[in-house]
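One structure is given below, encoded as structure tokens.
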Amino acid sequence: MSKRNLIEDLKARDLIAQTTSEEELVEHLESGSVTLYCGFDPTADSLHLGHLVPLLMLKRFQDYGHRPIALVGGATGLIGDPSFKAQERQLNSAEVVQNWSERLKAQISQFIDFGGEDGAILANNFDWTSNVDVLSFLRDIGKHFSVNKMISKESVKQRIDRDGEGISFTEFTYQILQSYDYQKLNELYGCSLQIGGSDQWGNITGGIELVRRMNSKSVHALTLPLITKSDGTKFGKTEGGAVWLDPKKTSPYAFYQFWLQTPDADVYRFLKFFTFLDVERIDEIEAEDKAREGRPEAQRILAEEATRLVHGEQALEAARRITEALFSGDHSALDENDYSQLQLDGLPSSQLPESLSELSLTSLLVEAGVASNGKQVKDALQRSAVMINDQSCSMDQNMEAEALFGKESARFGRFFLVKLGKKKHHLFFV
RNA sequence: GGUGGGGUUCCCGAGUGGCCAAAGGGAUCAGACUGUAAAUCUGACGCGCAAGCUUCGGUGGUUCGAAUCCACCCCUCACCA
């Protein structure tokens, strides 16, 4: 751990978008162990990369002796946060949100240490929101909010100003609910710092005010920057959609590959955001990469660190094994065990159908999930970008699946390694 | 309740009777160049190997022919009440 204080470290990593009075915050953090919280709304059955930065942030605070509260938004998830959202969102059913809340809880537990007397706390705002009756809500909580102020928040402005869009009372109330969370957590656990994405600033400051009014306490806020990519596209998305933290939704191998493909222009920033490596070390890596020319090491380091953090050492090893086997360019070096291992390690694989006579390559590969539609396969075939056991195929072989996957050309009598393009691999077995 | 504006292929957004599977942009995929990077160029981009099939909020109609016209309905926005 570096000797500098936490805020300095976070600044060096560009992990701070905004804070309430920095002086007071630093003072507060140095005065002892601070209890802080970050909320995660259940909008899906798993967290994704976008949640990773705040999650790691809680851990950073914990490493510096503070006490994090991970708040699952069982209640707020039922309402939907309108902040900077262009459109009103579809409500999810109570059962679904409940179910997702449980999934998130389990996931979050892997990142932060909840053990011990002063370990982290896992909370759910459903616990203190669900039984508040309307009149109490309006009289005890609502009275502290000025609609004028709520309306003027930047986070809901585009929903209010923009033609063609609006905001329901339900979503509009979201900021009150989140403010109430802060108030409650302050009351229950002495929580005095809330962190979140920069889009949460409006909601957080609302909470600060509520805490001051109801609890007569002065509390703090710190927001994290939105993670952007240098080319302007959205961070954390791949062809298949979001990159999830759940290994069942995004395999450790795919996760590792995602990081490995980080553009040079982003990789050093991402190392600061997504790893616990010292900033000095990261700067060194950058300097070394520059000096060396050619392929940088940073992506590999980022992929390893991030995969280890999220999926653990074993999964990282597996992801590396697959990567090594597939991208070294020499599949002939793989022995029979290696093939079985690839399958176990999580390389996408599937069993070949009994009969291939009627089947086109396009439909076979689409069915296996190698491509999303036949056109993509066709396109690849026309460019000789489909390889079966290192043999490239052409368009006229589309209907010759039976011959291409003949027993005699299988590796060890049962494996076919199919490659589409440079990066997509799939293992077929008999 | 009234008036006016909207709902188009993943997203944004053109299209207002045939030339429309539907401009343009973005995203995405593949190829060349590379370093499983960026930039650039090329191609694909509703589904299908193909013949062909299915789309433009919904339902019904007019028409040889509709995303485009008509009726009703649903959703949504603004203003007014």
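Residue numbers begin at 1 in each chain, while the letters A, B, ... track the order of the sequences. The figures that follow rest on heavy atoms only: side chains count, while hydrogens, waters and symmetry mates do not.
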Take atom P in B/rA27 and the same atom in B/rA39, then report the distance between them in whole Å.
9 Å

Check the distance between B/rC29's C1' and A/Leu365's CG and give it to me in whole angstrom.
14 Å

Identity of whatever pairs with B/rA67 - Watson-Crick or G-U, under 3.5 angstrom
none

Determine whether A/Lys290 and A/Glu286 satisfy the following criterion, salt bridge (Lys or Arg N to Asp or Glu O under 4.0 Å), listing intermediate values before the conclusion.
CA-CA 6 Å; A/Lys290 282 229 172 70; A/Glu286 184 168 4; 3.2 Å; yes

Can you say whether the rings of A/Trp259 and A/Phe255 are parallel (under 30°), tilted (30 to 60°) or perpendicular (over 60°)?
perpendicular

Taking the cut-offs as 6.0 angstrom to the six-membered ring centre and 45 degrees off its axis, would you call A/Arg320 and A/Tyr256 a cation-pi pair?
no

Measuring from atom CZ of A/Phe84 to atom NZ of A/Lys153, what distance do you get when rounded to the nearest 0.5 angstrom?
11.0 Å

Distance between C1' atoms of B/rC74 and B/rA21 (Å, rounded)
26 Å

Could you tell me the separation between the NZ atom of A/Lys375 and the C1' atom of B/rU28, rounded to a whole number of Å?
15 Å

Taking atom types as modelled, find out whether A/Tyr37 and A/Asp181 have a side-chain donor-acceptor pair closer than 3.5 angstrom.
no

I'd like the P distance from B/rA14 over to B/rU9, given in whole Å.
13 Å

Find the distance A/Gln397:CD to B/rC49:P and express it as a whole number of Å.
16 Å

Separation of atom CG in A/Asp379 from atom P in B/rC47, rounded to whole Å
13 Å

Using the C1' atom in both, what is the distance from B/rC20 to B/rU8, to the nearest Å?
12 Å

Along RNA chain B (nearest heavy atom to each residue), the more 5'-positioned of A/Ser360 and A/Leu260
A/Leu260

How many angstroms lie between atom CZ of A/Arg414 and atom NZ of A/Lys407, to the nearest 0.5 angstrom?
10.5 Å

Nearest to side-chain heavy atoms of A/Pro263, which nucleotide of B/rC29, B/rA38, B/rC45:
B/rA38

Within this structure, what is the CG-to-P distance between A/Asp266 and B/rU36, rounded to whole angstrom?
18 Å

Identify the nucleotide, in any strand shown, that forms a Watson-Crick or G-U wobble pair with B/rU62, with both distances under 3.5 Å; if there is none, say none.
none

Testing B/rC29, B/rA39, B/rA27 for proximity to the side chain of A/Gln376, the answer is B/rC29

Which nucleotide, in any strand shown, forms a Watson-Crick or G-U wobble pair with B/rA37, with both distances under 3.5 Å?
none

Applying the Watson-Crick and G-U wobble criteria at under 3.5 Å, what pairs with B/rA78? Answer none if nothing qualifies.
B/rU3

What residues from residues 382-390 of chain A pass a heavy-atom cutoff of under 4.0 Å to RNA chain B?
A/Arg383, A/Ala385

Ring centroid separation for A/Phe235 and A/Phe274, is it under 6.0 angstrom?
yes

Among B/rA30, B/rU36, B/rG35, the one nearest any side-chain atom of A/Gln261 is B/rU36

Would you indicate, yes or no, if B/rA50 has its OP1 or OP2 atom less than 4.0 angstrom from a side-chain nitrogen or oxygen of A/Lys378?
yes

Suppose you measure atom C1' in B/rG46 against the same atom in B/rU42; what distance do you get, rounded to whole Å?
23 Å

Between A/Lys419 and B/rA30, is there a side-chain N or O to OP1/OP2 distance below 4.0 Å?
no

Check this one for me: any side-chain N or O of A/Thr262 less than 4.0 Å away from OP1 or OP2 of B/rA37?
no

Using heavy atoms to find the nearest nucleotide of RNA chain B for A/Gly421 and A/Thr362 separately, return the residue whose nucleotide is more 5′.
A/Gly421

Without decimals, in angstroms, what is the distance between A/Phe235 CZ and B/rA27 C1'?
17 Å

Any side-chain heavy-atom pair of A/Lys272 and A/Leu15 under 4.5 Å
no

Classify A/Lys234 by what it touches in the nucleic acid, base, sugar-phosphate, or nothing, heavy-atom distance under 4.0 Å.
nothing

Nearest-Å distance, NZ (A/Lys422) to P (B/rU28)?
15 Å

Taking pairing as Watson-Crick or G-U wobble with both contacts under 3.5 Å, can you name the mate of B/rG43, or confirm there isn't one?
B/rC29

How far does the P atom of B/rC79 sit from the matching atom of B/rC64, given to the nearest Å?
45 Å

Could you work out the separation of B/rG60 and B/rA66 based on their C1' atoms and round it to a whole Å?
14 Å

Take atom C1' in B/rG15 and the same atom in B/rG7, then report the distance between them in whole Å.
15 Å

Nucleotide B/rA30, atom C1' - distance to CG of A/Asn373 in whole Å:
12 Å

Minimum side-chain heavy-atom gap A/Met150-A/Ile176 below 4.5 Å:
yes

